[in-house]
Structure formats: structure tokens, C-alpha cells
Amino acid sequence: MTPEPSTPEPQPATPSPLAGGRAASAPLLGRAEEPTVFELSSPGRRAWSFAEADLPFWDAADLVPAGHLAGEPVPLPELSERDLVAHHTRLTQRQYAVDVGAYPLGSCTMKYNPKLADAAASLPGLARVHPATPSSCTQGWLELLVALGEALAEVTGMAAVSLQPPAGAAGELTGLLIMRAWHRGRGDGGRTKIVIPDSAHGTNPASVTLAGYQAVTVASDERGCVDLDSLRTVLDDDVAGIMLTNPNTLGLFEEDIVEIAGAVHEVGGLVYYDGANLNAILGVTRPGDMGFDIVHLNLHKTFAVPHGGGGPGAGPVAVTEALAPFLPGPLPAVAGDGTYGWETPARSIGRVHGWHGNALALARAYAYVLALGGDGLRRVAEIAVLNANWLRRRLAGTYDVPHDRPCMHECVVSAASLARARGVRALDVAKRLLEEGFHAPTVSFPLVVKEALMIEPTETESPQTLAALADALVRIAEGASSDDRLAPRTTPVGRVDEVRAARRLVATFDARPPGARAPGPDGER
Amino acid sequence: MNVPDDLRYSPDHEWVRIESNRARVGITEYAQDALGDVVFVQVPSVGAAVTAGSSVGEVESTKSVSEVYAPLTGTVVEVNDELGDAPERLNDDPYGGGWICVIDPADPTELDRLLDADGYRELIGG
């Protein structure tokens, strides 16, 4: 409701303090509508005030060519700090997060991140350093980066690491560019194809295309693993490499991995490890020992860096000795006299990120490594795998289990029978789980499983939480009815019409009342 | 699952209808059901030369993005532009208003390599 000014006709020069904008407060939970920042906006209100500057003042028109200047200011929302903080705090109170409860979103490793890592990354000596500070004044920071690189090389069985890539997909592109530089360096730059299994993460073919290669798909066998015979039919002198995750996206260990790597190496290709599923093998086995040449790690999945809200993440890339000269640089390095500095590898593909990557994410990861140690990291993988297998067995009588053999850190079950018998699909099960107080699992992925529900409990959930999650999933299946298509009914936002949102995308906010708006793509206002 | 008897089918779930020496192409009811709600369709360009088994377009649903493969070699002579504003036709009427393109086949005998309705029914398990 918009409060009415109590005085008549405010003068245009001095708008009423109540002109524009609206007050907002809302119950902590429930479905009360939260206004957007545009609706909360009031002309002239500010969340900042600058001190009077004693420096010369330039008009933008004196500095920027007229053709590049906007005719009028961009209509940004105008709010006080108090209202802005209240708005965002209210939104967080309607949100589900790892710190609220179990978040079994398969393939994403949404585990709880210990606050110790936050505390370490908040140390002023780490958090309050400008990246341009001379290295003579940042020896501690550089020592941390070198030590983290060594730890990640040890965990992956690789020789050298670049910490620059800011995310998993950035790591993939970096790895592929290293692959291309290596082939070109040997005078073998004509290779055009990268092999990808049909169960791969969607980012793999996207990265391949971005790197200028063509993705070639290889089928999975009935056990859910790469089919060696199919692989051999697509391998030739045109193949630059293969991208794999192990365990794969079905949560299954590729048992033929040594033969797969050997077959790719035989035709002169390289073998790339997508580190999205590293949480399953941490401290137990290493990509380097399986024959991989290039590895990216998702520190925001495996190493206590928060994710899910847009980052910042970190996707370091680790490589074998032969590929080390191609890593993005400059890299932190220690000289013979024990001082730290920066070095660019001889045949570096160049920078892939400004400064030194997302440095505070790297500091979190190093704190996590030190806190757990080698034994602790191995326990992470062991418990993650145990939890996933417990859930798989618990759900087997209720949901279809397309590949019923021991899984790694996640299990894929299917709602295909439930969909046939009761018309309740994987998406409906996922939405119902929100009503039960848990985050939804990943649905409709991997694509090779119909009505897939991909559940990754991670090592951080207690047996009690796992049991409650399993009970909820069983209860949902047993009580499944067509009403489930309306779920979730108890959350602040109900079932979102994602089909209409995709078909009739409206990406701009229109503050005018509904009748006065420009018609949307489907003619509605 | 509706599999009309008068059409031919590819193992990649495209259908072909022969209309006086030209081949109208779309995706099957089975395919649209597996994809779920279609939100975007990319059709080929008129005049494009296509090879059997190569990509002629893309279908994006809320679940995934899938390629549409040419069931026959030839030239694209007509495309369904209406899918730009109404991608849901692939779901609502896959064998009618949801057609994707018309190909002028280079070698009409290629048609014999495609499945008939019984063969396709067997492929999708009845």
C-alpha cells in the first residue's frame, strides 16, 4: 500500500518525503510480497554521502566524447542504507541455504563449509591487501599460494598448478587452451575433435566449442560407463583429447579408466579430468595415477569455498610436467634464496584472469587443507561415498535405480515408474521435497537417465539428517498424487512457471502500474 | 504413443512425410515427450545443403538442448518459421503444426534406410 501524503499538493521543487517509494516490512516467513528495490525507491534518497573533495572537478562532457554520453541519467533505484539492508535481509530469510539444512543437489557438492575457512580469509593481512602491492610486502600471501598449489598438485597427482581460473568452466577452457598449445607446439595443431561421454556435464561441450574444437560424443554402456569399443571407433589422428569425470555423472567409478587413457594417448590425444566430482576420491586415488594429463579443481565444491550464489569460486588447473610450460601465468614461485615472487612459464598461454585469481577463495581452500590434513581429506571422500551408498540402498525399493551397483559420492535414482503409475515426475518430487524442508536434488540430469533424481548427500550430513531426507523421499513417493504438480505450497514462492518464463522472457522491470505497461511478448501487460 | 503408419522414422526420433517427392521433417511424439516442454526451436536456413545424420537444428526444452538430425541428404526448401513464436507446437502437434523443415532429397532411395512405423515402435519399446 502506498501511504498518501497528508499535506495537499507538494511543491515540485521540494517533493514530499512520501513521494514515490513504499514502506516495507514483512513477516519473517510466509508469502507476503517483497517489493523490488525499484518499488522501494524514493527520489533523492541515498545510501551514501561523500566527503567534500578538494580535488579539481571535471565534467563528464569534457572527458567523454558526446556520442558515448547518455542523454539522461540511468533510472537507478534510490534507497537509504537502512531500507536496502532490510530488503536484502528479508530476502535471505526466505531463502534456503547450506547453512540452513541439507542441500543434496547432485553434481554440485553443496557441502557445509566450516566457518574456520571464513575466519582465515577474513584475517586483515589477507583480506586488506591490494593486489598491486609489491611482492616484497606480500611474502606471506605468496607463500600461501605456493603451498596451496603444492597441496593441490599432491591431491591430483600432477606436477604444476595455476590458481588463476575463477570457476570450473573457466578451468575447462584453460585446460583446453593448454591442450591446443601443446599440440601446436609439437607441430600437430591440425587436430579438431574432443571426445566427450554422453553423460558429461553440459559445460564440457560448451567449453569445447568455445575453445574452437568440435565435440564428439561417445556412448555409455549398460553399466553406465564409457564404452571402450565405442570409444575406439571415434578415436583417430584428428582427436585432440577426451574430457572425463571420474566418478562420472552417474556417480559411478570408470573402472576402465587406465585403458581409456591409454587408448586416447595411443592416437596422440590428451586426457582431461573435470574435477567436479573430486570430492569422491580425495586422498584415496589421484587423476594423475589414472593417466590424466590436465585436471581442473572446483575449490568451491571440494575445498570449503562457498558457492551457489554466484561465487566467487576458484577453478585451478593442474597439469603434468610436460604441460607445465603452457600454464597461465604469472605464477607464484619461490627463488633459491627463499624469497617469493612471480614467474611466467616459458610457453604460457597467457593470463586467464586479472591479478591472481579469486585470492580470498584460495585462502579459504588452504585453511581447509591445513585444518583437515591428508587423513582428514581422505575421510571426506570415504564418508561422502558411504552416505551416498546408504541413501541408494534406502531408496532402492521406492524409486528405480537404473545402475544398481556401488556408487561413489552421489547416486542417481529415477522417478520413471512413479511417472508412469501416478503421473508424478522427477520435477514434482523435487518440488515436494522443498515442502519437506530440504533442498531439491538435481533433476533431469544426467540426460542418459529418464526422470533422473541425482542425489549427493556429501560427507557433512549426519546419519539423522540422511534418515530424515530418505524418509521424506519415501513419503513423497508413497503419497504421490496429481496435486504434487502444484508443489511447493508452503514456501514463500510457489511453483514457478518456468516454461512460460523461458518462452516469453521479460528481462526488464517496469515500474508502471499493470495497465500502463508496454505489452509483453505474449501481448499481456 | 502415437506413431502414424504413413510416416518413416530415423533412429534419432525424427519423422519424414513424403509429399510429392519432397520430405517434410519433424520430431516424433516420443521425442517431444522425452524432451518435455519445448521453449526454443532453431530451424535451418532455406537453401542449406544437409547430409543425412548431420544437424539441421536444435530443440531446447526446460530440461536440455538437443540436436535435430537430417534424416535424408538434400536441400532445405522450406522451414517452419512459426516455431519462433510458438515452440509449443512441437509438444502440441508434433506430426502437424510442429513440423521443422522440408527437404528436397538428393537420393530418394535413402528413404528405404529409414524405419517404418513398426520398426520405430519396436525401437521405442512399443
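Numbered from 1 within each chain, the chains take letters A, B, ... in sequence-line order.
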> Rounded to the nearest 0.5 Å, what separation is found between the CG atom of B:Asp37 and the CZ atom of A:Arg503?
Replying inline: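 That separation rounds to 5.5 Å.
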> Atom CZ of A:Arg500 and atom OG1 of B:Thr62: how far apart are they, to the nearest 0.5 Å?
Replying inline: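 Those atoms lie 15.5 Å apart.
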So for atom [atom1], which belongs to [X], do other residues, nucleotides or ligands contribute more than 12 heavy atoms lying within a distance under 6.0 Å?
{"X": "B:Asn21", "atom1": "CG", "value": "no"}
{"X": "A:Asp236", "atom1": "CG", "value": "yes"}
{"X": "B:Glu82", "atom1": "CD", "value": "no"}
{"X": "A:Lys450", "atom1": "NZ", "value": "no"}

> Where on B:Glu60 is there a heavy atom nearer than 4.5 Å to chain A: the side chain, the backbone, both, or neither?
Replying inline: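 B:Glu60 has no heavy atom closer than 4.5 Å to chain A.
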